[in-house]
Amino acid sequence: MRRSDLPESFVLGTATAAYQIEGATHEDGRGESIWDAFTRVPGAIADGSTADVADDHYHRYAEDVALMGDLGFDAYRFSIAWPRIQPDGKGAPNRAGIDFYRRLAGGLRDRGITPWATLYHWDLPQALEDRGGWLERDTARRFADYAEQVSDALGDLVTDWITLNEPWCSAFLGYASGHHAPGRTVGSRAAHAAHHLLLGHGHALEALRATVPSARVGTTLNLYSVQPAGDSTADADAARRIDGLSNRLFLDPVLTGSYPADVLDDLGETEWFAEHATDDDLRLISAPIDFLGVNYYSRHTVASGFTPAKDAPASAYPGSEHVRFVKTGAPVTQMGWEIHPDGMVDVLRQANALAPSLPLYITENGAAYPDRVDADGRIDDGARTEYLEAHLEAARDAIDSGLPLGGYFIWSLIDNWEWAWGYSRRFGLVHVDYRTQRRTPKRSAAWMADFLRDAVPASRA
Ligand code: PNW
């Protein structure tokens, strides 16, 4: 596999998120986010850490931009922290916050790297959560206001925009299982949060179109390849449910303008959606986008017939608690996520079937592995290189089979603060020593740099 096996216009980049790398959570007028509050809940974060410093990227962004330039990437997907722009979730923009992202986007462009900005990668201002967060429709309006300010302030520097990152995680990990901030467990009402997030997407899309006529705007969903464990009709139903909750509940409204009736029924939310998800809402949510971003990591294999314990923790799949996630025995990464590159083609095909000409981008793909230092003192992450190569091959297969895949972003440029896992999971091409903040490219980074130059890749053995 070489770069020249991909179309010349194919975009290769890396991705990060503000909260996972910036640190400086109390500087330059930044307000409190739901993740700042969540990290203080005992037991919420596996290693008890906070992201107050993280990769100190807020101060070291220039070094990080130089790093990606040296590696040879075309593009960089980052996110903008809403509480840096609107510390209280409303009102006039905070100049210092805007200036930071102007310096970042400008620095990228100076190095010939195309900035791709995500408006919302999970860091809701806590002030808005205090008023009900994404369970409240008003949060979608607040998001529109924020989107307008950001597009005003950055529209001359950024043309590629992503409204939301993975609304499934925000809604169902944030409000159903409580594994993510704000850590609430409201059961199937988490689907209301999903609707309000999608409505926020629709409003933000409209704001970006109005402010930056040349903008290319999309949104990013995390999609899973879902398969039944066995041939029974019960397992087929389990697969229908999990595909419904993870994929179709988001794909259908954005790409076809309606919610999947079977999924609303599984959730017991048919009535709420009939009353609150109006035709006008769905018109906004399904307004034409320029591309769909897909974050792909793994496959779910599911079976029916599980009886959860009475004191079982709240599920991320409300109404489908009887579904069991089965281990297939296939290799997994350190997250326990099965490695299944062909599933990337499956999810792209699923999206493409709903919107045949819509360009698709893999906006995240990557793997967590523990550090291994080889005899020469280099960080030997051969398993990561193998994972990336297999998924780049899947990208090539997708294109060869006619899917309109325009690019691929690796999660992540540097090791960073992995949400509920804290610093205990490393996804970077570049190692970060959290005591010194020193950045050291891993062998996967060297492999990627060769790939990007279309050189014969360094051995990954
Ligand atoms: C994505 N899950 O998160 C995010 O966009 C990144 O910020 C994150 O670091 C990356 O993937 C790696 O985890 C997910 O539990 C987090 O299903 C959790 C899940 C899925 C995606």
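Order of listing sets the numbers, starting from 1, for every ligand and every atom in it.
In terms of protein heavy atoms, atom 2 (N) of ligand 1 is closest to Y224 OH, 3.7 Å. Shortest contact from atom 15 (O) of ligand 1 to any protein heavy atom: L173 CD1, 3.8 Å. Of all protein heavy atoms, the one closest to atom 4 (C) of ligand 1 is E364 OE1, 3.3 Å.
When each of F143, W272, F273, Y175 is paired with H196, the ring-ring contact (aromatic ring centres under 6.0 Å, His included) condition holds for W272 and for no other.
For a threshold of 3.5 Å applied to N or O pairs, the pair formed by W337 and ligand 1 contains no separation below that value. Considering both main-chain and side-chain atoms, N416 never comes within under 3.5 Å of ligand 1 through any nitrogen or oxygen pair. Backbone and side-chain nitrogen or oxygen atoms of Q20 are examined, and one is located within less than 3.5 angstrom of a nitrogen or oxygen of ligand 1.
Side-chain atoms of D415 come within 3.5 Å of backbone N or O of V432 as a donor-acceptor pair. Of the possible donor and acceptor atoms, one in the side chain of N94 sits under 3.5 Å from a partner among the backbone N and O of D28.
Remark: among candidates H300, E166, H121, R425, the nearest residue to atom 1 (C) of ligand 1 is E166, based on non-hydrogen atoms. Of the candidates F172, W411, Y297, Y297 brings a heavy atom nearest to atom 11 (O) of ligand 1. Of the candidates Y19, W122, F427, W421, the one placing a heavy atom closest to atom 16 (C) of ligand 1 is W122.
Ring geometry, Y61 versus F100: the interplanar angle exceeds 60°, so the pair is classed perpendicular (tilted spans 30 to 60°).
By the 6.0 Å contact criterion, CZ on R103 is enclosed, its count of non-hydrogen atoms from other residues, nucleotides or ligands being greater than 12.
F291 has its ring centre less than 6.0 Å from the ring centre of W116.
If you look at E418 next to ligand 1, the close heavy atoms, those under 4.0 Å, all belong to the side chain. When heavy-atom distances to ligand 1 are checked against a 4.0 Å cut-off, N165 comes that close only through its side chain, counted from C-beta outward.
A side-chain donor from one of Y408 and N365 sits under 3.5 Å from a side-chain acceptor of the other.
In this structure, E32 pairs ionically with R40, as a charged nitrogen and a carboxylate oxygen lie closer than 4.0 Å.
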